[in-house]
Amino acid sequence: MSAQSTPSGAVIAATGLFTPEQSISNAELVEAFNAYVERFNAANADRISSGAIEPLAPSSVEFVEKASGIRSRFVLDKAGILDPERMTPHLPERSNEELSILAEIAVKAAEDAIRRWGKPASRIDAVLCAASNMQRPYPAMAIEVQQALGIEGFAFDMNVACSSATFGIKTAADFIASGSCRAVLVVNPEICSAHLNFRDRDSHFIFGDVATAVIVERADEAVGGWEILGTRLKTVFSNNIRNNFGFLNRPARPTDRLESGESNGEGADPLTDRLFVQQGRKVFKDVVPMVSDLIVDHAHDLGLDPAALKRLWLHQANINMNDFIGRKVLGRDPTPRENVIILDEYANTSSAGSIIAFHLNSDDLHAGDTGLICSFGAGYSAGTVFVRKRA
């Protein structure tokens with residue numbers, strides 16, 4: 001279904017960003033992957049020769065960049081990912097008395113946003129943790145973040161995959177419109193590397209780690225910022241992007257994956273469906289027109305000319321998807337400044353991608369300029385947030 005547009009009386013007052021210190025280039029990632037492929041094929045030479053299993057194919061920097069537009073990604077643990085014997089981040093478990101790692105990066109992004117906002121955290125009435133890759137089911141990550149920041153009021157988690165940030169912004173704007181909150185903090189911490197199969201040639205390069213934060217505030221109390229002109233959400237069920245990780249099917253550790261070529265009977269890695277999996281061509285075919293139509297229809301309902309938008313801050317999933325949507329919305333080839341791309345440096349950061357693009361590429365616009373924050377992903381889900389810069 002598609003939610004109706006919401007004139008909110010709300011403003012995006014500030015944003016924040018936490019970027020991990022460690023980064024992995026395509027060359028480094030491909031080198032580690034190909035080392036794993038070589039070891040696997042050597043260990044299973046007899047079964048490959050007999051036709052029992054297929055050899056694994058190596059990857060290349062050229063393949064990665066052509067398929068995605070990604071050149072590097074930030075991660076919380078580089079060594080574990082690049083170890084051909086492990087190929088998963090090593091993030092030691094913390095005690096229940098310590099701040100969890102997901103909450104930690106969310107707090108860092110939130111502190112950046114609060115500093116830019118210039119007001120005390122006590123003025124925030126609610127915290128939403130809107131992200132794809134939650135560290136645990138409960139206690140809610142948002143409540144842990146709320147406690148760490150010393151915020152009163154209430155907090156809760158929400159997960160709409162890569163669309164979580166725009167769904168969170170709409171929810172925050174609705175709280176503002178109802179009069180129940182003066183300001184709402186939305187955090188998007190994404191440790192995507194923990195849910196990625198780094199042994200899958202078609203997807204091992206897609207994701208990175210990051211955290212973003214957005215403060216949504218009442219228009220009559222905000223200084224500057226971006227007026228939220230309208231928000232709209234859409235969901236359509238699909239299995240084409242899926243992650244089955246959960247407490248009903250607790251997998252073995254990634255390091256316990258079978259190295260001998262054994263499988264679940266279908267020739268697949270026995271843990272593949274418990275990590276990120278997608279059917280990329282089907283996703284492209286389904287999602288691109290759905291999102292393009294959502295944007296154009298929503299703009300028209302708001303009385304906006306899509307071609308006159310000064311900037312698009314789209315979900316950073318794939319360069320080809322963003323290029324296609326940009327051309328559809330603007331009716332021409334957009335310039336790099338109009339259709340912002342940050343996935344070359346950050347890769348796909350799930351819900352945080354469109355917020356990174358907005359955070360890093362909005363200060364140069366002028367009062368009265370309009371733009372679009374848009375996200376889309378598993379579900380399928382999509383959200384649009386049209387904004388206008390205030391004086």
May I ask you to decide if W313's main-chain N or O and S354's side chain share a donor-acceptor pair within less than 3.5 Å? no
How many angstroms lie between CG in D200 and OG in S59, if you round to the nearest 0.5 Å? 10.0 Å
Side chain to side chain contact (heavy atoms under 4.5 Å, CB included), that's the test. Do D293 and K328 meet it? Break it down for me. CA-CA 9 Å; D293 291 344; K328 177 71 172 179; 4.2 Å; yes
Distance from K389 atom NZ to S362 atom OG, nearest 0.5 Å? 6.5 Å
Below 4.5 Å, heavy atoms only, C-beta onward: do P189 and Q135 meet side chain to side chain? no
Walk me through whether E104 and K108 qualify under salt bridge (Lys or Arg N to Asp or Glu O under 4.0 Å). CA-CA 6 Å; E104 178 183 292; K108 289 179 178 179; 3.7 Å; yes
Start with the C-alpha gap between C162 and S350, add the side-chain angles, then the distance that decides, and say whether side chain to side chain contact (heavy atoms under 4.5 Å, CB included) holds. CA-CA 4 Å; C162 294; S350 196; 3.4 Å; yes
Give the intermediate values and the outcome of salt bridge (Lys or Arg N to Asp or Glu O under 4.0 Å) for residues R311 and D364. CA-CA 11 Å; R311 195 146 300 169; D364 61 315; 2.7 Å; yes
Within a strict 4.5 Å, meaning less than it, do heavy atoms of the I373 and T166 side chains meet? yes
Assess whether atom CZ of R281 is packed by more than 12 heavy atoms of other residues, nucleotides or ligands within 6.0 Å. no
Does E190 reach the main-chain N or O of A131 with its side chain, forming a donor-acceptor pair under 3.5 Å? no
Which heavy atom of A382 sits nearest a heavy atom of V291, and at what distance? CB-CG2, 4.1 Å
Whether R327 side chain and D333 backbone form a donor-acceptor pair below 3.5 Å: no
Heavy-atom pair of closest approach, residues A130 and S164: CB-O, 3.2 Å
Please examine the side chains of L29 and V64, heavy atoms only from C-beta on, and report whether any two atoms are closer than 4.5 Å. no
Where the side chain of N318 meets the backbone of G69, is there a donor-acceptor pair that is under 3.5 Å apart? no
When rounded to the nearest 0.5 angstrom, what is the spacing between CD1 in I81 and CG in L196? 8.0 Å
Verify whether one side chain among N361 and R337 offers a donor that lies under 3.5 Å from an acceptor in the other. yes
Nearest heavy-atom neighbours spanning A183 and R123: CB-O, 3.7 Å
Using the rule that two of Ile, Leu, Val, Met, Phe, Trp, Tyr join whenever any of their side-chain heavy atoms come within less than 4.5 Å, decide whether F18 and F358 are in one cluster. no
Is the terminal nitrogen or CZ of R201 (NZ for Lys, CZ for Arg) located under 6.0 angstrom from the six-membered ring centre of F63 and within 45° of that ring's axis? yes
Here the pair of heavy atoms bringing G224 nearest to V11 is O-CG1, 3.7 Å
Check step by step if side chain to side chain contact (heavy atoms under 4.5 Å, CB included) holds for V127 and L149. CA-CA 10 Å; V127 178; L149 293 170; 5.5 Å; no
Between R47 and N44, a side-chain donor and acceptor under 3.5 Å: no
Can you find a pair of side-chain heavy atoms, one from M87 and one from H204, that are under 4.5 Å apart? no
Could you check whether the rings of Y346 and F74 sit parallel, tilted or perpendicular, using 30° and 60° as the cut-offs? tilted
Does D297 pair with R232 as a salt bridge, N-O distance under 4.0 Å? no
Do the non-hydrogen side-chain atoms of I356 and Q316 ever get within less than 4.5 Å of each other? no
Let's go through E227 and R388 carefully: what are the C-alpha distance in whole Å and the side-chain angles of both, what is the deciding distance for salt bridge (Lys or Arg N to Asp or Glu O under 4.0 Å) to 0.1 Å, and is it a yes or a no? CA-CA 5 Å; E227 178 188 1; R388 177 184 293 128; 3.6 Å; yes
Between S203 and Q278, is there a side-chain donor-acceptor contact under 3.5 Å, judged purely by atom types and distance? no
State the CZ-OG distance between F207 and S132, to the nearest 0.5 angstrom. 7.5 Å
side-chain contact (heavy atoms from CB on, under 4.5 Å) partner of F376, the single match among V287, V288, L294: V287
Under a 4.0 Å threshold between the charged nitrogen and the carboxylate oxygen, would R116 count as salt-bridged to D112? yes
Does E65, at its CD atom, have more than 12 non-hydrogen atoms belonging to other residues, nucleotides or ligands within less than 6.0 Å? yes
Between R218 (side chain only) and G9 (backbone N and O only), is there a donor and an acceptor less than 3.5 Å apart? no
Using 0.5 Å steps for rounding, measure from the CG atom of D174 to the OG1 atom of T231. 6.0 Å
Using the benzene-type ring in the case of Trp, are the ring centres of F33 and F198 under 6.0 Å apart? no
Hey, does P306 have a side-chain heavy atom less than 4.5 Å from the side chain of H300? yes
Evaluate the side-chain proximity of R73 to N26: yes if any heavy-atom separation is below 4.5 Å, no if none is. yes
Look up atom CD1 in I295 and atom CG in L372, then write down how far apart they are to the nearest 0.5 Å. 5.0 Å
Backbone N or O of N133 within a donor-acceptor pair of the N159 side chain at under 3.5 Å? no
Examine distances only and state if a side-chain atom of N348 and a backbone atom of I206 form a donor-acceptor pair shorter than 3.5 Å. no
Under 3.5 Å, side chain of D209 to main-chain N/O of L76, donor-acceptor pair present? yes
Derivation and outcome, side chain to side chain contact (heavy atoms under 4.5 Å, CB included), residues E144 and C129: CA-CA 10 Å; E144 186 177 11; C129 183; over 6 Å; no
Applying a strict under-4.5 Å side-chain criterion to I, L, V, M, F, W and Y, I'd like to know whether L360 and L365 cluster together. yes
Looking only at heavy atoms, the pair that brings R242 and N244 closest together is NE-OD1, 2.6 Å
Test item: D77 side-chain N/O and H90 main-chain N/O as donor-acceptor pair under 3.5 Å: yes
Can a salt bridge be assigned to the pair D125 and R182 using a cut-off of 4.0 Å between side-chain N and carboxylate O? yes
Heavy-atom side-chain contact between V385 and W226 under 4.5 Å: no
Verify the neighbour count for atom CZ of F324: are there more than 12 heavy atoms of other residues, nucleotides or ligands below 6.0 Å? no
Tell me whether R390 contacts the main-chain N or O of A219 through its side chain, where contact means a donor paired with an acceptor under 3.5 Å. yes
Same cluster (ILVMFWY, side-chain, under 4.5 Å), V186 and V145: no
Would you say that more than 12 heavy atoms from the other residues, nucleotides or ligands in this model lie under 6.0 Å from the CG of D220, or not? yes
Minimal non-hydrogen separation, I176 against V184, with atom names: CD1-CG2, 4.4 Å
So does K119 pair up with E221, basic N to acidic O under 4.0 Å? no
With a cut-off of 6.0 Å (strictly less than), are more than 12 heavy atoms of other residues, nucleotides or ligands near CD of E93? no
